[in-house]
*Asks:* 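If you scroll down you'll find the structure; I have some questions about it.
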Amino acid sequence: MEQEIDPQERDSPKIAPESDHDQYPEGGLKAWSVVLGAWCAMISSMGLLNSLGTLQPWTSTHQLKDYSESSIGWIYGGYTFFLYLGGVRFGAILDSHGPLYVILPGSIGIVLSLIFLSFSHEYYQIFLSFSVLGGVSASTLFAPPLAAVGHWFNIRRGWATGVACTAGGVGGCIFPLIILFAAPRIGFAWAIRIIALVCAVTCSIACLTVRTRLPPKKAGPSLDFKPLKDIKYASATLSVFLVEFAVFVPITYITSYTLNAGFDEQMSYAVLVFLNLGAVFGRFLPGLVADRLGRFNVMIMSSFICSLFTLTLWLSADLVEPHSLGMVISYAVLFGFWSGSAISIAPVCISQVCEIQDYGKRVGTTWTIVSVGTLIAIPIAGAIQQHNNGEYYGLIIFGGVLYISSTIAFIVSRGICKGWALKIKF
């Protein structure tokens with residue numbers, strides 16, 4: 001007979017009652033091979049996401065030089081939108097059929113999208129190849145692998161998820177460097193094809209190693225908003241929505257800002273690499289701390305620090321004449337580190353307010369809602385910059401205010417889910 005779940009126990013990091021299939025391995029060859037597979041999957045999806053700051057200025061000065069910043073922003077906002085939009089459907093397929101049914105077609109799709117992008121010259125061609133096909137394919141390589149990691153880890157879930165998410169930072173270093181050094185020599189098209197080859201290799205490893213542990217669960221509706229009636233899940237989702245809304249503004253526009261400030265072109269493109277180097281460490285170190293101090297607690301701290309750096313360091317670098325490259329690089333590294341938790345810890349926060357058997361679908365539902373924010377964040381930021389006659393101070397303030405809003409939202413959600421005492425680990 002099934003045991004009743006104590007309400008307080010439900011709110012602790014061990015969401016589900018202990019049963020035969022809920023004895024988490026917390027390590028071992030099989031568990032860490034899943035982490036490796038998730039890492040390989042996210043090299044493609046999150047690596048490209050973290051390379052938007054290189055793709056945006058390149059296309060805006062080459063293929064799309066006749067288009068406004070706001071119009072170009074819809075291409076890269078579209079990629080993030082489709083990446084997150086498919087989460088609920090693909091998360092449900094993971095829960096009911098296993099990871100291969102989503103990861104294999106996504107792997108084929110992401111490689112094809114890059115090949116098509118390499119042949120694209122018109123706006124609609126880039127949008128269809130990169131934003132639509134690339135974004136949908138990347139969606140299969142983000143939420144399902146992360147949810148699969150959650151099947152093998154509970155107490156160490158933040159650490160394991162953080163290790164997997166370092167792939168975004170690594171890909172965000174490798175892909176811009178390929179474009180930076182290969183594109184001027186062999187052309188942008190061949191640089192993108194090299195990236196496609198890297199994605200083909202890593203996705204092949206992901207297909208072989210990502211697996212689930214819990215019994216298959218019958219798939220429900222493709223999009224189910226009923227869980228939002230639960231105030232805990234709803235508040236956590238709102239918090240994640242705001243932090244994801246904020247994070248892509250600096251990532252996408254930091255290179256354009258540096259170019260606009262008059263710095264050397266190579267160094268301007270390298271700034272995004274510095275940001276992603278910081279993000280590599282920012283993905284797994286906060287995850288390790290979050291397992292000890294609480295996932296919501298770390299998200300509150302990291303969101304606040306990102307707002308602080310954005311509204312002081314980056315804004316100061318913009319307002320002071322002459323512009324300081326050292327301040328921009330410092331901001332890129334520090335922001336990269338502290339913003340890393342938005343990807344690595346945010347899904348773990350969702351795991352604390354749902355049953356682990358529903359983790360794939362709940363993460364998918366949350367990121368489907370988040371997709372709306374990511375769709376409009378980049379074009380809005382571009383419109384603000386355009387409205388300010390090409391100046392970036394309004395865009396910077398916009399990003400900082402978004403981070404302040406996410407900090408407040410996480411504080412409120414933590415209070416609703418666990419209590420308002422400062423010493424509570426949650």
*Asks:* Looking at Ser107 and Ile103, would you say the former's side chain and the latter's main chain have a donor-acceptor pair under 3.5 Å?
*Replies:*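 Yes, Ser107 side chain to Ile103 backbone: donor-acceptor pair under 3.5 Å.
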*Asks:* Check side-chain hydrogen bond (donor to acceptor under 3.5 Å, both in side chains) between Tyr76 and all other residues, then give those that pass, not counting sequence neighbours.
*Replies:*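 Tyr76 satisfies side-chain hydrogen bond (donor to acceptor under 3.5 Å, both in side chains) with Thr59 only.
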*Asks:* Should we say atom CD of Glu265 is surrounded by more than 12 heavy atoms from elsewhere, each under 6.0 Å from it?
*Replies:*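 Result for CD/Glu265: open.
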*Asks:* Does a donor on one side chain and an acceptor on the other come within less than 3.5 Å for Thr237 and Thr366?
*Replies:*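 On atom types as modelled, these side chains qualify, holding a pair under 3.5 Å.
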*Asks:* Taking Leu117 as the fixed residue, which of Ile126, Leu112, Leu128, Leu133 is the one that meets the side-chain contact (heavy atoms from CB on, under 4.5 Å) rule?
*Replies:*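 Testing Leu117 for a side-chain contact (heavy atoms from CB on, under 4.5 Å) against Ile126, Leu112, Leu128, Leu133 leaves exactly one candidate, Ile126.
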*Asks:* Is the side chain of Tyr331 donor-acceptor paired with the backbone N or O of Gly326 at a distance under 3.5 Å, no angle test?
*Replies:*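 Checked: no pair found.
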*Asks:* With a cut-off of 6.0 Å (strictly less than), are more than 12 heavy atoms of other residues, nucleotides or ligands near CZ of Phe281?
*Replies:*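 For Phe281, atom CZ is not crowded (no more than 12 foreign heavy atoms under 6.0 Å).
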*Asks:* Is there side-chain contact between Ser60 and Glu69, with at least one heavy-atom pair below 4.5 Å?
*Replies:*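 Sidechains of Glu69 and Ser60: in contact.
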*Asks:* Please answer whether the main-chain N or O of Ile75 pairs with a side-chain N or O of Ser131 as donor and acceptor at a distance below 3.5 Å.
*Replies:*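 Yes, the answer is positive, given that a donor and an acceptor are paired below the 3.5 Å cut-off.
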*Asks:* For the residue pair Ser256 / Gln56, report whether a side-chain donor-acceptor contact shorter than 3.5 Å exists.
*Replies:*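 Indeed, the side chains of Gln56 and Ser256 share at least one donor-acceptor pair under 3.5 Å.
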*Asks:* Any side-chain to backbone donor/acceptor pair from Asn388 onto Ile384? Under 3.5 Å, distance only.
*Replies:*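 Yes; judged by distance alone, with no hydrogens or angles, the pair exists.
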*Asks:* Any sub-3.5 Å donor-acceptor pair from His323's side-chain atoms to Ala261's backbone N or O?
*Replies:*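 No, because the side chain of His323 does not come within donor-acceptor range (under 3.5 Å) of the backbone of Ala261.
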*Asks:* The test is side chain to side chain contact (heavy atoms under 4.5 Å, CB included); show your working for Ile115 and Phe119 and say whether it passes.
*Replies:* CA-CA 7 Å; Ile115 293 173; Phe119 290 102; 4.0 Å; yes
*Asks:* Can Ser68 and Ser71 be counted as having a side-chain donor-acceptor contact under 3.5 angstrom?
*Replies:*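 A donor-acceptor contact under 3.5 Å links the two side chains.
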*Asks:* Using only heavy-atom distances, determine whether the side chains of Thr258 and Ser268 contain a donor-acceptor pair under 3.5 Å.
*Replies:*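 Checked: Thr258/Ser268 side chains show no N/O donor-acceptor pair below 3.5 Å.
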*Asks:* Counting only heavy atoms not in His62, do more than 12 sit closer than 6.0 Å to its NE2 atom?
*Replies:*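 Enclosed.
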*Asks:* Give a yes or no answer on whether the side chain of Thr140 reaches the backbone of Ser137 with a donor-acceptor pair at less than 3.5 Å.
*Replies:*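 Between the backbone of Ser137 and the side chain of Thr140 there is a qualifying donor-acceptor contact (under 3.5 Å).
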*Asks:* Which of these passes ring pair (Phe, Tyr, Trp, His ring centres under 6.0 Å) with Tyr79: Phe130, Tyr84, Phe248?
*Replies:*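 Result: among Phe130, Tyr84, Phe248, Phe130 is the only option passing the ring pair (Phe, Tyr, Trp, His ring centres under 6.0 Å) with Tyr79.
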*Asks:* Just to verify, what does Thr80 make a side-chain hydrogen bond (donor to acceptor under 3.5 Å, both in side chains) with, not counting sequence neighbours?
*Replies:*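 Result, side-chain hydrogen bond (donor to acceptor under 3.5 Å, both in side chains) vs Thr80: Thr374.
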*Asks:* Under the 3.5 angstrom rule, does the side chain of Arg213 hit a backbone N or O of His151 as a donor-acceptor pair?
*Replies:*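 Checking the backbone N and O of His151 against the side chain of Arg213, a donor-acceptor pair under 3.5 Å is found.
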*Asks:* Taking all heavy atoms of Trp39 and all of Thr166, pick out the closest pair and write down the distance.
*Replies:*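 It is NE1-OG1, 3.0 Å.
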*Asks:* Backbone N or O of Phe304 within a donor-acceptor pair of the Thr407 side chain at under 3.5 Å?
*Replies:*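 It does hold such a pair.
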*Asks:* For the pair Tyr123 (side chain) and Tyr67 (backbone), establish whether a donor and an acceptor sit closer than 3.5 Å, ignoring hydrogens and angles.
*Replies:*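 Not confirmed, Tyr123 side chain does not pair with Tyr67 backbone.
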*Asks:* Judged by atom type as modelled, is there a donor-acceptor pair below 3.5 Å linking the side chain of Gln125 to the main-chain atoms of Glu122?
*Replies:*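 At least one qualifying donor-acceptor pair exists.
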*Asks:* Identify all side-chain donor-acceptor contacts of residues 183-208 below 3.5 Å with residues at least two apart in sequence or on another chain.
*Replies:*
| residue | atom | partner | partner atom | Å |
| --- | --- | --- | --- | --- |
| Arg185 | NH1 | Phe181 | O | 2.7 |
| Arg193 | NE | Ser118 | OG | 3.0 |
| Thr202 | OG1 | Val198 | O | 3.1 |
| Thr202 | OG1 | Cys199 | O | 3.2 |
| Ser204 | OG | Ala200 | O | 2.7 |

